[in-house]
Amino acid sequence: MNFIPHTKEDISKMLSVVGCSTLDELVSEFKPRLSELKIDRPLSEMELVSYITNLSEKNSQMKYFAGGGSYDHYIPSVINHLVSRGEFLTSYTPYQPEASQGVLQILYEFQSFICLLTGMDVSNASLYDGASALAEAALLSSAYTKRKDVFVDDGLNPAYLKVLQTYCDGTELTITNTIDENTACVISQTPDFYGNIKNPQGLIEKAHQYNALFINCISDPTSLAILKTPGEFGADVVVGEGQAFGIPKSFGGPYLGFIAVKQFLTKKLPGRIVGMTTDDQGNEGFVLTLQAREQFIRRERATSNITTNQTLLALTATIYLALLGKSGLQNVARASYHRAHLLHEKLRKNGFESVNTNPFYNEFIVKSPKASEKIIADLMEHNIFGGIDIEDNKLLICCTEKNSLQDIDSYISAVIK
Amino acid sequence: MAEKKFTKEHEWIEKSDQIIIIGITEFAQDQLGDIVSIELPQVASSFKQNDVMAIIDSVKASSDIYCPVDGEIIEINEKLLEHPELINQSPYEEGWIVKIKPNNPEQIDSLLSKEQYDELVGQSKE
Amino acid sequence: MKLIFDYNQSNTEHTPSQEKDVDLPEELKRISLPLHDVNEIQIIRHYTELSRKNYGIDTNFYPLGSCTMKYNPRVNEDLAKLPGFSDLHPHMPASHVQGALQVIWELEENLKEITGMDAFSLQPSAGSQCELLGVMIAKKYFAEKNESRTKIIIPDSAHGTNPATAAMCKFQTVTIPTDDRGNMDIDEFKKVIGKDVAVVMITNPNTLGLYEENLSEIKDLAKENGALMYCDGANMNALLGISKPADQGFDMMHLNLHKTFSTPHGGGGPGGGALGVRSFLEDYLPVPRIKKENEQFVFDYNKEKSVGKLHSFYGNFGIIVRALSYLKSWGSDIQKVSQIAVLNANYLFSLLKEDFDVPYDRRCAHEFVISAKNFGEKSTINIAKRIIDYGFHAPTIYFPLIVKEALMIEPTETESKETLDEFAKVLKTIIKELREDPELVKNAPHTTPGRLDEVKAARKLNLRWMPKES
């Protein structure tokens, strides 16, 4: 495949302008030269498609009843067509705003949607994913309060906890189990990893009593269509994973982190932020703003080194939210809720033990009467990925609007045999 | 009117009774460009000479403001929070940043005089 | 100008019809959802129109320095979207995702061969996250050796992420000036290198587009003092199939899959980072590692020395598929990419040398830096805005910080000679305009909207739409 448009003649003309006789001479300074490169020969497009498709077919395709940070919601067709447009796909960070009003406006809409859904005042133009967004929120809290302790409530997604721990180790913050005058932030996920919907009121009050920031973490934000917002409860920071908004599961990435804060923390937000402004004729337009917070200006005084955001995925989420609108989003949330409760009820009637102490949204835990590996294996034979195996024969099961009544019946048949 | 003193970091200092008023110079505000925000210290907080006590952000730059003497913040110019452009428009008057009660007033004497500061600025303009 | 919130029409149903309300305690329930319903046709028109107000590589030449805006092969988009990849749930057991694991493993193997590094992690989401990982690894490595090292050395031409990363991990940044050949000043470096330095972080070729001539000496001094050498590989597009950073003496390096390896920039992301290390650092890499055992691929979480995790799963898999596809298309011919990237840069540099100020008159690598300082202060921003009127995108401006009125230009190998000739002509025309009709340039771009007020945007913050009820 040739992505190089030069003819032999072009190359020779250009070499003479530059003053070299060969391409090799041009790169002679780059030492040491490598002695060999053990890589396969190039593939034509046809061969490449065959090779990679073959790899894709070595993965089992399933009906999904699993969540745990990656959600199988329906992705309407229109989204991909819009987001694949070359003007979006192949553009860069909008540093010359006049050439990038499209992307900038959509990011402004994204920031707005996140605020509307979370009940917060300001959002940024996205972060890498939910886990790193949580880590960035901890860094923000530490910079704001000038403290180093991070309190984490039970029920945080274990992978998020590991990422948070890694960031804390590297940046000299400590995860603790008390809330006191050294606490920079109090972190709680709701609905939590086990599906429990928590009322954060008490924890928020405790955090504020010690002047610590309260950070709410959200794994499946379709829940925001039916749950009281973290903003209304009094959270200072909300972070989460936006993958549920029209982004494919894609074996774990790329995903979409979001962060939203109350007004007083605006200037502490990491990453890119889009603002509306005017030109000298009074025409409205959008620009990246408050850039002095970022690493390319603050350099060693920046609190975060973050550069890339997830623009194309923020565009995806924006179009998803716009397309579904109020009734569509409520629909998705209600359907996810009801399917999960239906499956939960049917499992209970078939020997599975209910474990959740709180009401749940679309994920729940049950304890299986048989060994959980056997349940998972039986389901796999029916091309059903039945849930995540937590220790002690417990399964973390998730439903979305994609799981039909038939799917649920198939699930039950597979486990009771 | 007391004579102003200056620092290498482009702050000016003016004595007023037992306290000193601090801001940044004309040269500094010009270098920074349009100022969009300022992080001010808390009143009653203490700083040592050369500690960072404030940060000024412009559209294209971010600059630390250093405390020129050991002392305690008595007053901050809160107007700057809503109107940071005052620093660009009036760096020596309306754009003052903090008022400090110095612990060791002798430290002020070893700062730069106007002539010394002007020479410094003259050197940095090619 | 219409925001999506200005529409309010009934929507098309995309999912099975309406369910009844949920049965939750009142204290947990949402009261109002301030969104509208919008018809699919309006959605298509709204976002299609916005796409037409946006410039991409597909539109025209996009010569941003160090961003490597090369053509994004469309076949890679199709491949990443294959259902066997895009639909795959990351919690599936290894036995059922052998194809996906092979994709990750194969990309790691290819990158090892190209760079000479012994192991790679594809977990980071971006170059800056790779730097964070690299610095965390260094921190842990020296802590285990009981060596107190507090400093990280970087050149003053470095990208802002380098010192920002150092500061995040509580290291002191020591900045070395650039000499008049565009290299890191070796005498200044010698004054600072010592046993309190943890990492020497270099971009090579550097952000001036120049190959570090003192690299060998820097490497020797670092090794003598036990410091680690980190290569910011943002500029790897100059070295593919030509020189391996491991052979140059680096212990760690990162690659940007969205730069050198053609995955699309998407308006600012998603990207993909790859951190490569020599074998003595391999055990510090994040978990899980993907291992090949008896023709099967498995997750290996059994790495006690690992710094932990940076990603909730295995990395930006969709980006990894694209990068692997790109590498397999080029295969053993990959040297051509860098040869032509370097040729294009030197050719365009030759065309522009006589018109601009040249801070470092050396043969460049895959990018070069020129200065518009002779045309007066702010010429660079004005030139950049005027370039938009001619249908091109400006290069990177005002970076690196050590060059006044800098323009940093990276053509990449996918641009034709004709495009470069045309771009050079446009720049020469604009310079003529600066002399003969300067207002035309100062008031550029003559688009709608025109030059946007960034000061107002920062002073009078308007960062989101507000519903009328509130």
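Given the structure is predicted, the values throughout are model-derived calculations rather than measurements. Convention: sequence-line order gives letters A, B, ...; per-chain numbering from 1. Every heavy atom of this structure was used, including side-chain atoms; hydrogens, water molecules and symmetry mates were not.
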Report summary line: When the 4.5 angstrom heavy-atom criterion is applied to C:A166 and chain A, the contacting part is neither
Query raised in the report: Given that the side chain runs from C-beta out, which part of A:Q201 has a heavy atom under 4.5 Å from chain C: side chain, backbone, both or neither?
Result: neither
Query - Residues A:S132 and A:D129: side-chain donor-acceptor under 3.5 angstrom - result: yes
Query - Partner chain A: residue of C:A164, C:G268, C:G84 with the largest heavy-atom pair count (under 4.5 Å) - result: C:G268
Query raised in the report: What part of C:Q102 is in contact with chain A, defined as an atom under 4.5 angstrom from a non-hydrogen atom: side chain, backbone, both or neither?
Result: side chain
Requested in this report: Identify which part of C:L3 has an atom lying under 4.5 Å from any heavy atom of chain A, answering side chain, backbone, both or neither.
Outcome: both
Requested in this report: Examine whether an atom of C:H89 lies under 4.5 Å from a heavy atom of chain A, and if so say whether it belongs to the side chain, the backbone or both; otherwise answer neither.
Outcome: both
Query - Residue A:S56 versus chain C: region with a heavy atom under 4.5 Å - result: both
Requested in this report: Scan side-chain atoms only and decide if C:S243 and A:K31 contain a donor-acceptor pair under the 3.5 Å cut-off.
Outcome: no
Requested in this report: With a 4.5 angstrom heavy-atom cut-off, could you sort out which part of A:D10 is near chain C: side chain, backbone, both or neither?
Outcome: both
Query raised in the report: Where does C:I319 contact chain A at under 4.5 Å (heavy atoms): side chain, backbone, both or neither?
Result: both
Report task. Could you look at C:K139 and say if it's the side chain, the backbone, both or neither that has a heavy atom under 4.5 Å from chain A? Result -> side chain
Report summary line: Max heavy-atom pairs within cutoff under 4.5 Å with chain C, candidates A:Q291, A:Q165, A:Q281, A:M62, goes to A:M62
Requested in this report: Check the side chains of C:T165 and C:E131 for a donor-acceptor pair under 3.5 angstrom, ignoring hydrogens and angles.
Outcome: yes
Report summary line: Ranked by heavy-atom pairs below 4.5 Å to chain A, first place among C:G272, C:G308, C:S312, C:A126 goes to C:S312
Query - Donor + acceptor pair across side chains of C:Q248, C:Y211 (<3.5 Å) - result: yes
Report task. Considering only heavy atoms and a distance below 4.5 Å, find which of A:A322, A:G86, A:P359, A:P32 pairs most often with chain C. Result -> A:P32
Query raised in the report: So is C:K328 actually on top of A:Y51's ring, under 6.0 Å and inside 45° of the axis?
Result: yes
Query raised in the report: Can you name the one residue among A:R85, A:H81, A:E109, A:Q105 that meets side-chain hydrogen bond (donor to acceptor under 3.5 Å, both in side chains) with C:Y47?
Result: A:E109
Requested in this report: If the plane angle is over 60° it's perpendicular, under 30° parallel, otherwise tilted; pick one for C:H265 and C:H258.
Outcome: perpendicular
Query raised in the report: Which atoms of A:Y337 come close to chain C, meaning under 4.5 Å heavy atom to heavy atom: side chain ones, backbone ones, both, or neither?
Result: side chain
Requested in this report: Tell me, for A:N157 versus chain C, whether the close heavy atoms (under 4.5 Å) come from the side chain, the backbone, both or neither.
Outcome: neither
Query raised in the report: Any chance the side chains of A:Y255 and A:S70 put a donor and an acceptor closer than 3.5 Å?
Result: yes
Query raised in the report: Is the backbone of C:K53 close enough, under 3.5 Å, to the side chain of A:Q101 for a donor and an acceptor to pair up by distance?
Result: no
Query raised in the report: chain A heavy atoms under 4.5 Å from C:T414: which part of the residue, side chain, backbone, both or neither?
Result: both
**Report entry** Which atoms of C:D21 approach chain A - backbone, side chain, both or neither, heavy atom under 4.5 Å
**Finding:** both
Query raised in the report: Out of C:L327, C:N54, C:L35, C:L461, which one racks up the most heavy-atom pairs below 4.5 Å with chain A?
Result: C:N54
Requested in this report: Name the option with the most non-hydrogen atom pairs under 4.5 Å to chain A; the candidates are C:E454, C:H311, C:K140, C:H46.
Outcome: C:H311
Requested in this report: Sort A:L139 into side chain, backbone, both or neither according to what part of it lies under 4.5 angstrom from a heavy atom of chain C.
Outcome: side chain
Query raised in the report: For the candidates A:V49, A:I39, A:T289, A:D169, which exhibits the highest count of non-hydrogen atom pairs separated by less than 4.5 Å from chain C?
Result: A:I39
Report task. Identify which part of C:F85 has an atom lying under 4.5 Å from any heavy atom of chain A, answering side chain, backbone, both or neither. Result -> both
Report summary line: Most heavy-atom pairs under 4.5 Å with chain C, out of A:A159, A:S100, A:S91, A:G69, belong to A:S91
**Report entry** Heavy-atom proximity to chain A below 4.5 Å, by part of C:S350
**Finding:** side chain
Query - Side chain / backbone / both / neither for A:Q61 at chain C, heavy atoms under 4.5 Å - result: side chain
Query - Part of A:V103 lying under 4.5 Å from any heavy atom of chain C - result: both
Query - Structural part of A:L256 lying under 4.5 Å from a heavy atom of chain C - result: neither
Report summary line: Of the listed A:D121, A:D24, A:I273, A:L15, the one with the largest count of heavy-atom pairs under 4.5 Å with chain C is A:D121
Query - Any donor-acceptor N/O pair, C:R30 side chain to A:L224 backbone, under 3.5 Å - result: yes
Query raised in the report: Does the side chain of C:D453 come under 3.5 Å of the side chain of A:T277 through a donor N or O and an acceptor N or O?
Result: no
**Report entry** Heavy-atom proximity to chain A below 4.5 Å, by part of C:K81
**Finding:** side chain
**Report entry** Contact class of A:S404 relative to chain C, heavy atoms under 4.5 angstrom
**Finding:** neither
Query raised in the report: Given A:Q330 and C:E19, is the side-chain contact (heavy atoms from CB on, under 4.5 Å) satisfied, shown in steps?
Result: CA-CA 9 Å; A:Q330 277 177 337; C:E19 302 275 333; over 6 Å; no
Query raised in the report: Tell me, side chain or backbone of A:F88 under 4.5 Å from chain C's heavy atoms, or both, or neither?
Result: both
Requested in this report: Could you tell me which portion of A:L82 (side chain, backbone, both or neither) has an atom closer than 4.5 angstrom to a non-hydrogen atom of chain C?
Outcome: side chain
Query raised in the report: For the side chain of A:K228 and the backbone of C:K29, is there at least one donor-acceptor N/O pair under 3.5 Å apart?
Result: no
Report task. Ignoring hydrogens and angles, tell me if any N or O in the side chain of A:D279 forms a donor-acceptor pair with the backbone of C:L452 under 3.5 Å. Result -> no
Query raised in the report: Is the backbone of A:S126 close enough, under 3.5 Å, to the side chain of A:Q310 for a donor and an acceptor to pair up by distance?
Result: no
Requested in this report: Measure distances from C:I388 to the heavy atoms of chain A and classify the residue's part below 4.5 Å as side chain, backbone, both or neither.
Outcome: side chain
Query raised in the report: Cut-off 3.5 Å, side chains only: do A:E232 and A:T229 have a donor facing an acceptor?
Result: yes
Query raised in the report: Do we see a donor-acceptor contact under 3.5 Å between the side chains of C:N462 and A:Y108?
Result: yes
Query - Residue C:A80 versus chain A: region with a heavy atom under 4.5 Å - result: neither
Query raised in the report: Relative to each other, are the rings of C:F313 and C:H91 parallel, tilted or perpendicular (30° and 60° limits)?
Result: perpendicular
Query raised in the report: Taking C:V135, C:I31, C:I242 one by one, which has the highest count of heavy-atom pairs under 4.5 Å against chain A?
Result: C:I242
**Report entry** Main-chain N/O of A:A125 paired with A:N309 side-chain donor or acceptor, under 3.5 Å
**Finding:** yes
Query raised in the report: Is there a donor-acceptor pair under 3.5 Å between the side chain of C:T59 and the backbone N or O of C:G56?
Result: yes
Query raised in the report: C:N344 side chain to C:E415 main-chain N or O, any donor-acceptor pair under 3.5 Å?
Result: yes
Query raised in the report: Quick one: what part of C:Q339 sits under 4.5 Å from any heavy atom of chain A, side chain, backbone, both or neither?
Result: both
**Report entry** Greatest number of heavy atom pairs closer than 4.5 Å to chain C - which of A:F286, A:Y160, A:Y128, A:Y95
**Finding:** A:Y128
Report task. Name the region of A:T53, side chain, backbone, both or neither, that has any atom closer than 4.5 Å to a heavy atom of chain C. Result -> both
**Report entry** Proximal component of A:N54, with respect to chain C [non-hydrogen, under 4.5 Å]
**Finding:** neither
Query raised in the report: Shortest non-hydrogen contact from A:S327 to C:D37?
Result: OG-OD2, 2.6 Å
